[in-house]
Amino acid sequence: MEVATTTDALTPHDLARALAAEIDPDVPTRDVIASFRLRPQAGPQFGYKSCGGPVQALAQSLHARLYGLPTDPDPLPTALDELLQATRTAQDNEQQAAVLVQLAEQLRNAAEIIKWAQYNAHWRQLPAPVFDKLKAATTTVRHLADGLEQTSPAFAARPAPATTPPATLPTTHGTGTTPARR
């Protein structure tokens, strides 16, 4: 068996996408839950156990088990940390566009979390301004996610920047200003 290198090893996100694709190739991973149960014949032997939850959490656990990493009983996702690291290594246009698309997906997840907090604030009868601010935050985050998704194709279409530093921009003599950006 060939050992996977760091460049071709599956990530938790890859596993979540593969699991979600079993339902539909276009379904966002945040919208998929997984459920496992024993066959009725095996129930008595294993105590009729079952498990389930968000496919993203299942993918993280599966990733840890496959690669011999420690499994946290209740891991908090670190996708944004990993995404931040990816910005430092994304060299080509497609990678840069993919980072923005993934960030848009994470922002949509954040909007769902904020929406949950908004409903929770209502149920707990917190002051109305708390509910209103959470509602506004949900709208703003969704707007940001849409904007990133709409702009990401521009990164894939443009040529990658040259590896040599750009020449200094000329200044207009006498006015102290630089030419406007195009």
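This structure is a prediction, so every number in the text was calculated from the model and none was measured.
F131 CZ to H122 NE2: the interatomic distance, rounded to the nearest 0.5 Å, is 6.5 Å. Summarising the geometry, atom OG1 belonging to T139 is positioned 11.0 Å from atom CG belonging to L144; distances are rounded to the nearest 0.5 Å. Here the NE2 atom belonging to H143 is positioned 14.5 Å from the OG1 atom belonging to T138, to the nearest 0.5 angstrom.
Hydrophobic clustering, with ILVMFWY side chains joined whenever heavy atoms are under 4.5 angstrom apart, keeps I33 apart from F36. Under the 4.5 Å side-chain heavy-atom criterion for ILVMFWY residues, a single connected hydrophobic cluster contains both L107 and V99. No continuous path of hydrophobic side-chain contacts links W123 to I113 [ILVMFWY only; heavy atoms under 4.5 Å]. V141 and V130 fall within the same hydrophobic cluster, defined by Ile, Leu, Val, Met, Phe, Trp and Tyr side-chain heavy atoms under 4.5 Å apart, directly or through other members.
Here the closest non-hydrogen pair linking L134 and I114 is O-CG2, 3.4 Å. Taking every heavy atom of both residues into account, P40 and P44 meet most closely at O-CD, 3.5 Å. Closest approach of T29 to E105, counting heavy atoms only: N-OE2, 4.2 Å. The shortest heavy-atom contact between F155 and N93 is O-CB, 3.1 Å. Between A104 and L148, the shortest heavy-atom contact is CB-CB, 4.1 Å. The heavy-atom pair separating A59 from A16 by the smallest distance is CB-N, 3.5 Å.
Comment: R142 engages E112 in a salt bridge, judged by a side-chain N to carboxylate O separation of less than 4.0 angstrom. Taking 4.0 Å as the cut-off between side-chain N and carboxylate O, R108 and E149 count as a salt-bridged pair.
Under a 3.5 Å cut-off, the side chain of N109 and the backbone N or O of Q106 do not form any donor-acceptor pair. For the pair R37 (side chain) and Y48 (backbone), a donor-acceptor distance under 3.5 Å is absent.
Around atom CD of Q41, more than 12 heavy atoms belonging to other residues, nucleotides or ligands sit under 6.0 Å away. Summarising the local packing, NZ of K135 is surrounded by 12 or fewer heavy atoms from other residues, nucleotides or ligands at distances under 6.0 Å. Residue L38 places its CG atom among more than 12 non-hydrogen atoms of other residues, nucleotides or ligands, all under 6.0 Å distant.
Residues L58 and L19 have side chains in contact (heavy-atom distance under 4.5 Å, counting atoms from C-beta outward).
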